[in-house]
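Since the structure comes first, as structure tokens, the remarks are kept for the end.
Reckoned from all heavy atoms, side chains included, excluding hydrogens, waters and symmetry mates. This one's a predicted model, so the numbers in the text were calculated from it and none came from an experiment.
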Amino acid sequence: YNSFKKKIADGSIDLDTDTIKIALVTSSYTVDIDAHDFFDDITNETSGTGYSAGGATLASKVVTVDNTNDRAYFDADDATWSTSTITARGAVVYKSTGTPSTSALICYIDFGSNITSTAATFTVAFHANGILLFT
């Protein structure tokens, strides 16, 4: 989301210390990286057994600097929903303030197709290099 770029630059989002959450959305959600800036802009959030509205809090967050390749990475543990029966097409990562209208959007992850779990663990496995790459 383009609003994230400003918020990370002006310090209003701190990936190390802020509460960062991940929410699942259905294929009916249409991403608008220009107009969507807070969680209250998110429509068609996934619902089902084992999933709570607003998603899950990311654990073990870390920002790593790679001086050799002049990059920084943001990563966290993979997100899981155990014993869930849900379908999702993507995920929204955001800074949670507890109020949707002030919870800033960070990024959207497109799964490429619907992913379904039936009374099983639904996992969003992040790339080996992390959730976000800053170059």
Closer than 4.0 angstrom, basic N to acidic O: yes or no for Lys95 and Asp18? yes
Flag side-chain contact, heavy atom, 4.5 Å: Asn114 against Thr26: no
Could you tell me whether the side chain of Trp81 reaches within less than 4.5 Å of the side chain of Thr46, counting heavy atoms only? no
To the nearest 0.5 Å, atom NZ of Lys6 lies from atom CD1 of Ile13 at 10.5 Å
Run the side-chain hydrogen bond (donor to acceptor under 3.5 Å, both in side chains) check on Thr80 and Thr123 step by step: do they pass? CA-CA 4 Å; Thr80 60; Thr123 301; 5.5 Å; no
Any donor-acceptor pair under 3.5 Å linking the side-chain atoms of His36 with those of Tyr29? yes
May I ask you to decide if Asp16's main-chain N or O and Lys61's side chain share a donor-acceptor pair within less than 3.5 Å? yes
Spell out, yes or no, whether Tyr73 and Ile22 are grouped together once hydrophobic residues are joined by side-chain heavy atoms under 4.5 Å, including indirect joins. no
Under 3.5 Å, is there a donor-acceptor pair between the side chain of Asn44 and the main chain of Ser28? yes
pair Thr87-Leu24: side-chain heavy atoms closer than 4.5 Å: no
Between Thr85 and Ala119, is there a donor-acceptor pair closer than 3.5 Å when you use the side chain of the first and the backbone of the second? yes
Are any side-chain N or O atoms of Ser96 and backbone N or O atoms of Lys21, one a donor and one an acceptor, separated by less than 3.5 Å? no
With no hydrogens and no angle check, do the side chains of Tyr51 and Glu45 hold a donor and an acceptor under 3.5 Å apart? yes
Decide yes or no for Thr64 and Asp75: does some side-chain heavy atom of the first lie under 4.5 Å from some side-chain heavy atom of the second? no
Looking only at side-chain N and O atoms, does Asp77 offer a donor or acceptor that is under 3.5 Å from a partner on Ser60? yes
Has Asp110 got a side-chain atom pairing as donor or acceptor with Gly112's backbone, closer than 3.5 angstrom? yes
Ser27 (side chain) donor-acceptor with Ser113 (main chain) under 3.5 angstrom: no
Side-chain contact, heavy-atom cut-off 4.5 Å: Val92 with Val25? yes
Return yes if some donor-acceptor pair links the side-chain N/O of Ser84 with the main-chain N/O of Ile86 below 3.5 Å, else return no. no
Any donor and acceptor pair, going by atom type alone, linking the side chain of Asn69 with main-chain N or O of Asp66 inside 3.5 Å? no
Assign the ring pair Phe134 / Phe4 to parallel, tilted or perpendicular, where the plane angle (0 to 90°) is split at 30° and 60°. tilted
For the residue pair Thr121 and Ser82, confirm or rule out a side-chain donor-acceptor distance under 3.5 Å. no
